[in-house]
Each structure stands twice: as structure tokens, then as C-alpha cells.
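Scroll down for the structure; my scribbles are underneath it.
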Amino acid sequence: MSDDEGAPPMAKKSRIYYGSLEERERERLSKGAGSSLGREAVRAGIDAGNINLASGEAFDLEDHVSERQAEVLAEFERRKRARQINVSTDDSEVKACLRALGEPITLFGEGPAERRERLRNILSVVGTDALKKSKKEDDKSKRPQDEFQQTWYHEGPETLKAARLWLARYSLPRAMERLEEARKLKEVPEASRTARQQERHTTLRGLNNFCSQIGDDRPISSCQFSPNSKLLVTASWSGLCKLWSVPDCSLIRTLRGHNTNVGAMSFHPQATVSLDEKDVNMASCAADGSVKLWSLDSDEPVADIEGHTARVARVSWHPSGRFLGTTCYDHSWRLWDLEAQEEILHQEGHSKGVHDIAFHPDGSLAGTGGLDAFGRLWDLRTGRCIMFLEGHLKEIYGLSFSPNGFHVATGSGDHTCKVWDLRQRKCIYTIPAHQNLLSGVKFQPTDGHYLLTGAYDNTAKVWTHPGWSPLKTLAGHEGKVMGLDISLDGQLIATCSYDRTFKLWMSE
């Protein structure tokens, strides 16, 4: 037994290798050290990617910890900013802000509180300045659109300037007379006015069909009384216009000149009163764009007005009788000076065809209604559009000024009649008038104490003014009512229909 036997065994020192084991493993494999099983296990590990022999890459744990800490600190800072951001409690404003930021205004199952919190989180990331920038960009994009939608005024000829001055001199005295009459009416005791109004309403409730006449073999599109209330002119889709005596409804003359549907026929304001029969007493328009002028002593047109390239829907005389207004489906309306025998105004402003036109009793304004569902009131003395009638849902087919000078009625394809106040510059009442589109509206021409509407539900209706309550339904037509008028003496109402007849209505 040797001396070393009693000594304790020496501890086996472990070797620690740094870096890649690639070199040492290659040496071992080249010398054939180790069992084949170990070599196969190592190769399997290398192939599986579990043993890295490519390079001596290292992972810096301290840098990773510092990045994580930075992320946590940034999240704390974001939450701090979010708590300091004031977000509106109005849900519509929250949605508007989200839309301005390009975010979805709502998510599935999201309520107003969650939406508000989401907006606050988004603003804490992008900053509140992003919302201000988006609003500024929206304002900049809206400016060109607003400028594009503005009405443009072009420099007109000297004849237009002379006509505008003439219209101003004509309309201002008439406006003064109208206001003076309104002051006198205001001095009448309230009891007297109420009694007179009740008497009128009783008379209107007694309206009945006085006369019915077959006017043509095609639908009758328009009818109008003469200023002396003794004649009635009708226009038909056959191209014929006919002159009838009132109230016996006997045919006087057939006016031949149009080759297609006649849209309207209108009397000169002084026809049958002070105008000679050989002068121009009537005007008509048709679907082919033709406008013709007629006298009372001939069945052929006196003159043609040329210049329209699309359908002319309506013609209307200015109260002075000097000017004629026409509406066209080329999105414009025109004013013709018959003394100068020329077109002095070609006015655009509607986005679709213009269907109806009416003139203010003073002669100062013109009102147009279009297929774009909007109406416009134009000051003929300056050329400006002074009021925009916005509110109808469908096309405007009829427009009428009240004799009081400040009420305008419009009839539309949305089955309603709206009454507008020029003083308040807004719609003051909407009458749910009919069950189909309104083809025409007309105020009583002398004092405007009632409003007449006609529609495609085969009826015409009488409404009180003011109050707008129904007084009488004029039923009797078998087809849609296409035109209507009230005689200047206030005794008769005329309606014409798709059933090829026109009817006269009178109080018993």
C-alpha cells in the first residue's frame, strides 16, 4: 500500500469554453474521437439547427432590458398624455374627429364611451395637432368647391343695363302703391277683416263644376284666362291651341302653328283690355324649343322667337307686357325684350332643366323652379339671385307669387306645396297637399286670400291664405290635372287635364 492511497481524490476541474465550439468539434471529429453514436447525435443537432456552429454571435441582455424599459416608459407617458386630452362628450363630434383622422367612426359592438376612449388614445399617439391639420386641409378642399358652386355674373350688353334701369323705374312706384294698400288694409278693424274672410271661405266651399268641355283629342297641358276674364286659351299635346269664350265654353278660334306638344299658352297682361287685337296678345311654347307669338284676329302666329335648343316648358309675361320670360331644359331661362325684339338675358343657375317661371306683381323679381328640386328668386334690376328655395325633395313644377308681395308658393313632385316668406327668407309652411306630384300652384290674383293647387291625383284643391287649411277639393277629372288658372275677377277657376277636357268651377 503506497502513501498516496490515503490521500483524498482530486476534484475534477470543469472546463468553461467561451465562444463557438466549431473549431474544437471539428478537431475532435477529424481525430475520430467519440463514439459514432455521439457523432450522429451532434450531426442531427446541427441539422436541426439546435447547435450553432456558424458564428460567435452573442445576445446583449443589458441592451434588451433597456429597450423594454424604454417601451414601458413610453407607454406610461402616452397614458399620461391621454389623461390630459379633453375629448368632446358629443358622440357626433367624436365621430367627426375620427373621420377627420382617417379612422373608422365606429367598431363592432362599440358604444359612445368606448369610441370616446379610442379617440383619446389615437390623439395621445398622433398628437392633437393632427386633428387641427386635418380640419385645415378640409377647409382648403371645401373652398374650391364653394367657389365652384357660386353663381357667376358676366358683363352684359348696354341693352340689358337699359332694361334693368327701366325695370327699376317701373317696379318702385308699384311697390309703393302695394305698401300703401297694405297700410290701409291694416287700419280696417280686426272684426271686419275676420267677417269678410269667413264670408269668402263660405263662398269658396260652395265651388262646383260649372262647365266641362272636351278641348282636344290629346291631353290639355295648359289653360289661362284673358285679363278681362271673358276668354280662355288652352294648349294641347296635339300642337293646337284653342281660344274659348267664357263662361259658355264655345270655341272661337283654333291656333295652328306648333308641330309637337305645346307646354304653355299665356295672355299679354293688357290683352283684351287696352291692346289691339292685331298686336301680340299671346305667347306659346313647345317641346321642340319653339316659341310663337299670336294675335287675337288670326289663327296663325305673328312671329317666332328663335334661340332655344331644348324643350321650352313655360312662357310668362312680365307685368309690364314689355318682356317675356321662357324656361328651357338646357338648365337656363331667358328674358326677351319684345320692344327691342331681342334676347337681353340668358340666365343660368340651375343644375337641371328649368320648368316654371313667374314674375313678382311689382315686376321687380322673377322666380324659377327647376328639375333640380330648387327654386331661385332673381332681382331683375340687379341680376342677383336674392333667395335660394331649398327644401323640396323632388322637382319643382309650379311657382306663384302672392299679391301681398312677400309670399311665394312652390309645388313639387314630392306631393307637397311649400310657402316661402321673402321677408324671413325661409319656408314658413309645408302643405301636404296631394297624393301625387303637383303640376301647378296659383294664388288668387286680386288679394291672394286663397291658394289653388292641382296635381296628378286627378284633383285640384283650395287652401286658405293665411292658415293653409283645406277649403274645397275640386274633383271630377278622370285624368291627372295638368294646368289651372283663376280669372282676374275672381269668379271662375279653370282646370285642364290629361283626360282631354277642361272644367270651369264657380261658386253657387
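In this text the structure is predicted, and so the values were computed from the model without any measurement. Excluded from the calculations below are hydrogen atoms, water molecules and symmetry mates; all remaining heavy atoms, backbone and side chain alike, are included.
- No donor-acceptor contact under 3.5 angstrom links the side chains of S507 and T203, judged on distance only.
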- side-chain hydrogen bond (donor to acceptor under 3.5 Å, both in side chains) between N436 and H434, worked out: CA-CA 6 Å; N436 209 326; H434 291 270; over 6 Å; no
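- The neighbour count for E342 CD, taken as heavy atoms of other residues, nucleotides or ligands under 6.0 Å away, is above 12.
- For the 3.5 Å distance criterion, the side chains of N458 and H477 fail to qualify, holding no donor opposite an acceptor.
- Proximity of V262 to C241: side-chain heavy atoms (C-beta onward) are separated by under 4.5 Å at one or more points.
- Enclosure of atom CD in E306 is not indicated, since only 12 or fewer non-hydrogen atoms of other residues, nucleotides or ligands lie within 6.0 angstrom.
- Distance check: T159 OG1 to E343 CD gives 10.0 Å after rounding to the nearest 0.5 Å.
- A salt bridge does not link R218 with D216: none of the charged nitrogens is closer than 4.0 Å to a carboxylate oxygen.
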- Kindly determine whether S332 and H350 satisfy side-chain hydrogen bond (donor to acceptor under 3.5 Å, both in side chains), including the steps that lead there. CA-CA 7 Å; S332 68; H350 289 270; over 6 Å; no
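- Rounding to the nearest 0.5 Å gives a distance of 14.0 Å between CZ of F225 and NZ of K230.
- Two residues are said to be in side-chain contact when any heavy atoms from C-beta on lie closer than 4.5 Å; L504 and V246 meet this criterion.
- A salt bridge links D304 with K292: the distance from a Lys NZ or Arg NE/NH1/NH2 to an Asp or Glu carboxylate oxygen falls below 4.0 Å.
- Under the 3.5 Å distance criterion, the side-chain polar atoms of S221 are matched with a main-chain donor or acceptor of A235.
- For K480, the NZ atom sits in a packed shell: over 12 heavy atoms of surrounding residues, nucleotides or ligands are nearer than 6.0 Å.
- For F359 and W317, the gap between ring centers reaches or exceeds 6.0 Å.
- Within the 3.5 Å criterion, the main-chain N or O of D447 finds a donor-acceptor partner in the side chain of Q444.
- The environment of CZ in R193 is crowded: more than 12 heavy-atom neighbours from other residues, nucleotides or ligands sit within 6.0 Å.
- Considering CZ of R376 and CD of Q347, their distance stands at 8.5 Å, rounded to 0.5 Å.
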- Item | Pair L243-L251, side-chain contact (heavy atoms from CB on, under 4.5 Å): steps then yes or no | CA-CA 6 Å; L243 203 60; L251 180 63; 5.8 Å; no
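- Side-chain contact check for T410 and H392: at least one donor-acceptor pair (N or O, by modelled atom type) lies under 3.5 Å.
- With S412 contributing its side chain and K394 its backbone, the two residues share a donor-acceptor pair below 3.5 Å.
- Salt bridge R178/D362: present, at least one basic N to carboxylate O contact under 4.0 Å.
- Classification of K95 and D90 as a salt-bridged pair fails, no side-chain N sitting under 4.0 Å from a carboxylate O.
- Closest heavy-atom contact between A264 and A313: CB-O, 4.0 Å.
- Checking H258 against S290 by side-chain atom types alone, a donor-acceptor pair falls below 3.5 Å.
- In this structure, CG on L167 lies 9.5 Å from CG on D379, to the nearest 0.5 angstrom.
- Using a 4.0 Å cut-off between charged side-chain N and carboxylate O, D499 and K503 make no salt bridge.
- A salt bridge between D217 and R500 is absent, with no side-chain N of the basic residue lying under 4.0 Å from a carboxylate O of the acidic one.
- The shortest distance between side-chain heavy atoms of L451 and C417 falls below 4.5 Å.
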- Message: I'd like to know whether N208 forms a side-chain contact (heavy atoms from CB on, under 4.5 Å) with W505, so could you lay out the CA-CA distance, the side-chain angles of the two residues, the decisive distance to 0.1 Å, and finally the verdict.
- Response: CA-CA 5 Å; N208 284 310; W505 309 81; 5.7 Å; no
- Message: Does T430 form a side-chain hydrogen bond (donor to acceptor under 3.5 Å, both in side chains) with T416? I'd like the steps, not just the answer.
- Response: CA-CA 7 Å; T430 299; T416 66; over 6 Å; no
- Message: Set out, in order, the CA-CA distance, both residues' side-chain angles and the distance that settles ring pair (Phe, Tyr, Trp, His ring centres under 6.0 Å) for W463 and F443, then state yes or no.
- Response: CA-CA 10 Å; W463 310 84; F443 277 103; over 10 Å; no
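- Within a 6.0 Å radius of OH in Y329, more than 12 heavy atoms belonging to other residues, nucleotides or ligands are found.
- You'll find the side chain of I493 reaches within 4.5 Å of the side chain of Y450, heavy atoms only.
- Annotation for C211 and N209: closest pair O-OD1, 3.1 Å, computed over non-hydrogen atoms.
- Looking only at distances, a side-chain donor or acceptor of R334 sits under 3.5 Å from a matching main-chain atom of G307.
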- So I357 and T326, side-chain contact (heavy atoms from CB on, under 4.5 Å) or not? Walk me through it. CA-CA 7 Å; I357 183 171; T326 58; over 6 Å; no
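- Atoms CZ and NE2, on R205 and H201 in that order, are 7.0 Å from each other to the nearest 0.5 Å.
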- Item | Residues S192, E190; criterion side-chain hydrogen bond (donor to acceptor under 3.5 Å, both in side chains); working and verdict | CA-CA 5 Å; S192 300; E190 183 70 25; over 6 Å; no
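- No side-chain heavy atom of D337 sits less than 4.5 Å from a side-chain heavy atom of L160.
- A salt bridge does not link D276 to K278: none of the charged nitrogens lies less than 4.0 Å from a carboxylate oxygen.
- The six-membered or imidazole ring of H355 lies near that of Y397, with a centre-to-centre distance under 6.0 Å.
- The distance from atom OG of S88 to atom CD of E93, rounded to the nearest 0.5 Å, is 3.5 Å.
- A salt bridge links K442 to D485: one of the charged nitrogens lies within less than 4.0 Å of a carboxylate oxygen.
- Side-chain rings of Y170 and H318 approach one another, their centers coming within less than 6.0 Å.
- For the 3.5 Å distance criterion, the side chains of S222 and Q224 fail to qualify, holding no donor opposite an acceptor.
- Between T453 and the options T459, V441, V462, a side-chain contact (heavy atoms from CB on, under 4.5 Å) holds for only V441.
- Taking 4.5 Å as the limit, some side-chain heavy atom of V408 sits within range of a side-chain heavy atom of L399.
- By the 4.0 Å N-to-carboxylate-O rule, E181 lies too far from K184 to be salt-bridged with it.
- In this structure a side-chain-to-backbone donor-acceptor pair under 3.5 Å is missing from E395 to G413.
- Donor-acceptor pairing under 3.5 Å is lacking for the side chains of S487 and Q491.
- Between W237 and Y498, the two ring planes are perpendicular [angle over 60°; tilted spans 30° to 60°].
- Looking at every heavy atom in both residues, A358 comes nearest to F401 through O-CE1, 3.4 Å.
- When each of W420, F374, W378 is paired with F388, the ring pair (Phe, Tyr, Trp, His ring centres under 6.0 Å) condition holds for F374 and for no other.
- By the neighbour-count criterion of 12 heavy atoms within 6.0 Å, atom CG of N86 is sparsely surrounded, having that number or fewer from other residues, nucleotides or ligands.
- Annotation: side chain of W294 is in contact with side chain of M265 (closest heavy-atom distance under 4.5 Å).
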